Every structure is written in structure tokens, then in C-alpha cells.
Amino acid sequence: GTNAQRIMDQIRQGGSFATYARQYSEASTKAVGGDLGWIRAAQLPASLATAAAENAKKLVAIDYETLDDYVAGLPDIMTQGLEDELMKSWDQLSDTYEQAKTKVDVTISDVGVTYLEDNRAEVLIAQNVSVTQDGQAAGSTDGTYLIRLEKVDGDWKLSSIPDLPS
């Protein structure tokens, strides 16, 4: 599985968060084991928890019938750098969605912040993703993903998705 999934599994088993922060975090608190410990959404700045969940959901929930709206909404949820990266493979991705008449639905079940400083955060998102193709269920999966966010003009935006399945 992904790093984030392993971290989540270890945390659920009562492992020391500081150990995993040192092991996995690329943030500047790595050497001291991460300042924050494991913070549940309820204890977070509301704007960060909400933005992380909503932006991650908007990123993954793609509907072949509204691809133009999806692209138009990207600047609201992510940094320019991440948008540029995503758009490199967009033509191929959008063709795939249109050909298979694909819709993706996302439910976010948990949000935990592993790192937070003034304008940067690392967040673990637990989500269920279900896919339909041409109106038929095509599978679903539960997973936990690490996402990074940056505050841009007062709004938290996705800046990096190191291990989101493509």
C-alpha cells in the first residue's frame, strides 16, 4: 500500500505518531518528529479541514458529462503548479472518461492533519471512491491518501498529491 495507508494502519494499531512523522514526513518538523501528533478534523482549523475534504473530493469526483466545468473549477481548488501538472495528461484522461461514460463519486470519511505551519499543511484523507461506467457500477475502493495544501490569498488549495492513484 501507500505510505499514507501504512501510517494510518500503524496509527490505528497504536504506533507512535512521532516515529511515523520522522519516517514519512517531508515537512521541516521531520527531525523533531512532527509538532502536531495526529489531529482529528474536529480539532483542526475549520477552514483547513473543510478545504482539504472538499478540494480532495472535487479533484477525484469527475463526471464525463461535465468535464469542461471540472476544468473551469480547478483554479478554485488547487495551486497553479498542480493544475499545470494535471493538465499535461488531461486530454488523455478526459478521452478515457468520455469513451467509457465514466462518473466517479467520492465520500470523505476522515481527515487528519499530519503537519501544519502558517501557509502549508499535510493532510491524510480517508475516502471511498465509487465508479460507474455507462450507468453501471464499475467498482469502488476505500483508501487513505496524503495530500499537501498551501494557503493562497487566504484560501487552502491542493498543492501536491504524492500518492493519489492516477
Side-chain angles (χ1 to χ4, degrees), residues 1-63 66 69-88 90 93 104-130 140-166:
T2 61
N3 270 355
Q5 185 61 55
R6 281 200 298 274
I7 294 169
M8 289 289 282
D9 291 344
Q10 290 168 327
I11 288 168
R12 286 196 192 100
Q13 292 157 16
S16 147
F17 183 85
T19 305
Y20 309 124
R22 274 198 299 276
Q23 232 172 316
Y24 297 110
S25 177
E26 292 174 22
S28 59
T29 54
K30 183 172 183 170
V32 293
D35 286 341
L36 289 174
W38 176 253
I39 300 180
R40 303 301 283 224
Q43 298 164 263
L44 292 178
S47 59
L48 174 57
T50 303
E54 288 181 358
N55 293 353
K57 187 172 180 166
K58 286 175 185 167
L59 174 75
V60 180
I62 303 178
D63 181 336
T66 56
D69 293 343
Y70 177 84
V71 171
L74 292 178
D76 295 335
I77 65 166
M78 65 181 60
T79 60
Q80 185 64 55
L82 185 57
E83 186 184 349
D84 291 346
E85 202 179 305
L86 185 68
M87 292 319 291
K88 284 179 195 163
W90 178 249
L93 187 66
V104 181
D105 284 310
V106 181
T107 307
I108 306 287
S109 57
D110 209 353
V111 179
V113 169
T114 57
Y115 174 78
L116 176 62
E117 65 177 41
D118 297 342
N119 295 313
R120 288 179 58 238
E122 272 184 9
V123 180
L124 288 169
I125 297 277
Q127 66 183 14
N128 172 269
V129 178
S130 59
S140 73
T141 180
D142 288 297
T144 303
Y145 308 102
L146 183 71
I147 59 173
R148 296 198 178 101
L149 297 101
E150 282 174 25
K151 206 177 230 184
V152 182
D153 298 327
D155 294 317
W156 286 103
K157 295 190 176 187
L158 302 174
S159 60
S160 169
I161 299 117
D163 60 6
L164 201 69
S166 48

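Start at 1 with the first residue, then count along the sequence. Keep in mind that this is a model prediction, so the values were computed, not measured. In what follows, every heavy atom counts, from backbone to side chain, and hydrogens, waters and symmetry copies are set aside.
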Colleague: Where do A56 and I147 come nearest, in terms of heavy atoms and distance?
Modeller: CB-CD1, 4.2 Å
Colleague: Please evaluate residues V113 and E122 with respect to the criterion side-chain contact (heavy atoms from CB on, under 4.5 Å), reporting the C-alpha separation (whole Å), side-chain torsions for both, the decisive distance (0.1 Å), and the verdict.
Modeller: CA-CA 6 Å; V113 169; E122 272 184 9; over 6 Å; no
Colleague: So do the side chains of M87 and V71 get within less than 4.5 Å of each other, counting heavy atoms only?
Modeller: yes
Colleague: Looking at side-chain heavy atoms only, is the closest gap between V60 and V104 below 4.5 Å?
Modeller: yes
Colleague: Would you say the side chain of T66 lies within less than 4.5 Å of the side chain of Y70, judging by non-hydrogen atoms?
Modeller: no
Colleague: Less than 4.5 Å apart, any side-chain heavy atom of L86 and any of M78?
Modeller: yes
Colleague: With no hydrogens and no angle check, is any side-chain donor or acceptor of S159 less than 3.5 Å from a backbone partner on R148?
Modeller: yes
Colleague: Please report the interatomic distance CG(L124) to CG(D110), rounded to the nearest 0.5 Å.
Modeller: 9.5 Å
Colleague: So does V129 get a backbone contact from the side chain of T141, meaning a donor-acceptor N/O pair under 3.5 Å?
Modeller: no
Colleague: Please round to the nearest 0.5 Å and tell me the distance separating atom NZ of K157 and atom CG of L149.
Modeller: 11.5 Å
Colleague: Taking all heavy atoms of V111 and all of A53, pick out the closest pair and write down the distance.
Modeller: CG2-CB, 4.0 Å
Colleague: For the atom pair CG (L59) and CD1 (I161), what is the distance rounded to the nearest 0.5 Å?
Modeller: 4.5 Å
Colleague: Using side chain to side chain donor-acceptor pair (under 3.5 Å), reason through T79 and E150 one step at a time and then give a plain yes or no.
Modeller: CA-CA 8 Å; T79 60; E150 282 174 25; 5.5 Å; no
Colleague: In the structure I gave you, are the side-chain heavy atoms of S130 and D105 within less than 4.5 Å of one another anywhere?
Modeller: yes
Colleague: Quick one: pull up CD in E117 and NZ in K151 and give me the separation to the nearest 0.5 Å.
Modeller: 12.0 Å
Colleague: Please identify which of these residues, I108, D142, V106, meets the side chain to side chain contact (heavy atoms under 4.5 Å, CB included) condition with N128.
Modeller: D142
Colleague: Between atom CG of D76 and atom CG of N55, what is the distance when rounded to the nearest 0.5 Å?
Modeller: 9.0 Å
Colleague: Mind checking whether L116 and L48 have side chains closer than 4.5 Å, heavy atoms only?
Modeller: yes
Colleague: Would you call T107 and Q127 a side-chain contact if the rule is heavy atoms closer than 4.5 Å?
Modeller: no
Colleague: Taking atom CZ of R120 and atom CH2 of W156, what is their separation to the nearest 0.5 Å?
Modeller: 9.5 Å
